[in-house]
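Just so it is clear, the values below take in all heavy atoms, side chains as well, and ignore hydrogens, waters and symmetry mates. Naming: A, B, ... by sequence-line order, numbering from 1 per chain.
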Number of protein chains: 2
Amino acid sequence: MKSAKDIFSEYLSKQRLKMTPQRRALLEAFLNEEGHISSEELYNLIRKEDSSIGQATVYRTLKLLAESGIAKAVDFNDGVLRYEHKYGHDHHDHLVCEHCGKTIEAVDPEIEHLQEELAKKHGFVLTHHEMYLFGVCKECQDKSE
Amino acid sequence: MKSAKDIFSEYLSKQRLKMTPQRRALLEAFLNEEGHISSEELYNLIRKEDSSIGQATVYRTLKLLAESGIAKAVDFNDGVLRYEHKYGHDHHDHLVCEHCGKTIEAVDPEIEHLQEELAKKHGFVLTHHEMYLFGVCKECQDKSE
DNA sequence: TTTATTGCAAACTCTTTGCAATGTA
DNA sequence: TACATTGCAAAGAGTTTGCAATAAA
């Protein structure tokens with residue numbers, strides 16, 4: 001299986017774009033992060049290793065990572081766009097705890113199927129969907145008792 | 001059944017807030033609009049009737065309408081927050097056409113039920129959810145053939 | 001009379017863009 | 001060499017906020 005780096009390199013050359021040390025470093029930092037990272041968070045991480053990298057480059061690179069299929073933008077309604085790993089990861093939706101901000105990734109094949117059906121019923125061809133379930137997680141429920 | 005105006009008045013007095021001509025006019029304009037309206041769109045509408053109303057008041061009033069349960073914020077990922085009627089309207093999700101921007105409101109009771117189940121399975125108590133299905137509508141499919 | 005509201009402009013947050021210098025293919 | 005990329009600072013979009021004047025309860 002191709003590595004994320006291969007995918008990214010191939011995407012760049014296909015688009016006649018260039019690989020640079022900044023892009024290499026940002027890809028690596030992104031891949032080392034587990035969760036849902038914002039541009040600013042990634043900027044703060046990368047700074048520790050190379051303080052010469054600018055914010056704009058981080059924004060630009062994350063966009064590129066999303067275009068190449070390495071990353072996927074997710075929006076938890078907290079005012080910033082976040083990115084999660086996409087390449088090599090299955091599709092999933094998110095449960096978001098409104099108290100502690102924790103997110104859980106989950107899929108329900110039946111829901112996925114019914115979404116397709118619902119779209120079809122209205123004449124739509126689905127390209128993608130977003131489903132966020134907001135609520136209170138187990139731990140926060142216990143705490144507030 | 002109470003009118004939206006009653007609901008809003010009651011909400012205001014309960015919060016020790018005041019009814020003003022601006023709020024009255026904005027509520028009316030909002031109720032007269034059918035779709036999903038942004039603050040700027042509502043501002044442009046209200047201006048025609050009373051050009052002295054400021055943008056900030058529109059932002060502030062829409063927020064108030066949402067708090068009172070009259071309106072509900074929806075986010076179609078187009079960079080602006082929109083509001084739709086909530087009071088007296090059943091819950092629904094949205095199909096969004098990525099070509100023409102048209103939205104269709106739809107509900108699938110089975111999906112709703114499975115969302116609850118999925119949340120429960122992960123220990124969550126659901127407060128609300130967002131589900132947007134993005135795709136291409138019938139008309140746009142036909143056009144691009 | 002007390003307290004909320006207004007319009008205005010300035011401030012704010014997140015993100016994008018123009019540009020001259022620099023680096024990659 | 002030709003052209004993409006960089007960092008920077010400035011610009012942009014959408015939204016919020018401080019404030020003095022005004023108006024509702």
Side-chain angles (χ1 to χ4, degrees), chain A residues 5-6 8-30 36-68 71-83, chain B residues 5 8-30 36-68 71 73-83:
Chain A
K5 292 182 190 180
D6 294 338
F8 192 46
S9 300
E10 283 170 20
Y11 175 78
L12 291 179
S13 66
K14 202 176 300 171
Q15 304 290 316
R16 302 241 155 67
L17 304 177
K18 291 165 181 173
M19 182 53 93
T20 65
Q22 289 91 334
R23 286 177 182 172
R24 236 184 299 268
L26 284 165
L27 170 59
E28 183 139 1
F30 173 74
H36 311 94
I37 200 170
S38 69
S39 185
E40 181 151 25
E41 286 162 358
L42 185 56
Y43 175 57
N44 288 329
L45 278 179
I46 204 74
R47 270 178 135 178
K48 293 178 192 157
E49 296 175 12
D50 179 351
S51 63
S52 71
I53 292 187
Q55 282 220 53
T57 301
V58 181
Y59 275 102
R60 288 188 276 228
T61 304
L62 277 171
K63 202 165 258 190
L64 235 34
L65 289 176
E67 286 165 17
S68 71
K72 179 180 188 315
V74 289
D75 181 359
F76 297 151
N77 275 358
D78 62 350
V80 283
L81 204 54
R82 299 175 171 283
Y83 291 85
Chain B
K5 292 183 190 182
F8 192 46
S9 300
E10 283 170 20
Y11 175 77
L12 291 179
S13 65
K14 201 176 299 168
Q15 305 290 317
R16 303 239 155 68
L17 304 177
K18 293 164 181 176
M19 181 53 93
T20 65
Q22 291 90 334
R23 286 177 180 171
R24 237 186 298 269
L26 283 166
L27 171 59
E28 184 139 1
F30 173 75
H36 311 94
I37 199 170
S38 69
S39 185
E40 181 150 26
E41 285 162 0
L42 185 55
Y43 175 57
N44 288 330
L45 277 179
I46 204 74
R47 269 178 136 181
K48 292 178 194 158
E49 297 175 11
D50 179 351
S51 62
S52 72
I53 292 186
Q55 282 219 53
T57 300
V58 181
Y59 276 102
R60 288 187 276 228
T61 304
L62 278 172
K63 202 166 260 188
L64 235 35
L65 288 176
E67 286 165 16
S68 70
V74 289
D75 181 0
F76 297 151
N77 276 357
D78 62 349
V80 283
L81 203 56
R82 300 174 172 284
Y83 292 85

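- Annotation: side-chain hydrogen bond (donor to acceptor under 3.5 Å, both in side chains) contacts of B/D75 (sequence neighbours excluded): none.
- Under the salt bridge (charged side-chain N to carboxylate O under 4.0 Å, His left out) criterion, the residue pairs touching residues 9-19 of chain B are B/K2-B/E10, with sequence neighbours excluded.
- Residues that satisfy the salt bridge (Lys or Arg N to Asp or Glu O under 4.0 Å) test with A/K5, not counting sequence neighbours, are A/E28.
- For the pair A/D75 CG and C/dC14 C1', the interatomic distance rounds to 12 Å; values are reported in whole Å.
- Distance A/L42 CG to C/dT15 C1': 15 Å, rounded to the nearest Å.
- Near DNA chain D, defined here as any heavy-atom distance below 4.0 Å, the residues from residues 16-25 of chain A are A/R16, A/L17, A/K18, A/T20, A/Q22, A/R23, listed numerically.
- Counting to the nearest Å, the C1' atom of D/dT6 and the CG atom of A/L26 are 12 Å from each other.
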Pairs under 3.5 Å (N/O, protein and nucleotides 16-22 of chain C):
{"residue": "C/dT16", "atom": "OP1", "partner": "A/K63", "partner atom": "NZ", "Å": "2.5"}

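- Taking the ring pair (Phe, Tyr, Trp, His ring centres under 6.0 Å) definition, one finds that A/Y11 meets it with nothing, sequence neighbours left out.
- Partners of B/R47 by side chain to side chain contact (heavy atoms under 4.5 Å, CB included), not counting sequence neighbours, listed by chain and number: B/Y43, B/N44.
- For DNA chain C, the residues of residues 43-54 of chain B within the heavy-atom distance limit of 4.0 Å (strictly under) are B/S52, B/I53, B/G54, sorted by number.
- Atoms CG (A/L64) and C1' (D/dA4) sit 11 Å apart, rounded to a whole Å.
- Every residue two or more places apart in sequence or in another chain was checked for a ring pair (Phe, Tyr, Trp, His ring centres under 6.0 Å) with B/F8, and none qualifies.
- Every side chain to side chain contact (heavy atoms under 4.5 Å, CB included) that A/R60 has, sequence neighbours left out, goes to A/A56, A/T57.
- Interatomic distance, A/L81 CG to A/F76 CZ, rounded to the nearest 0.5 Å: 10.5 Å.
- Every residue two or more places apart in sequence or in another chain was checked for a salt bridge (Lys or Arg N to Asp or Glu O under 4.0 Å) with B/R23, and none qualifies.
- Judged as a side-chain hydrogen bond (donor to acceptor under 3.5 Å, both in side chains), and not counting sequence neighbours, A/E40 has no contacts.
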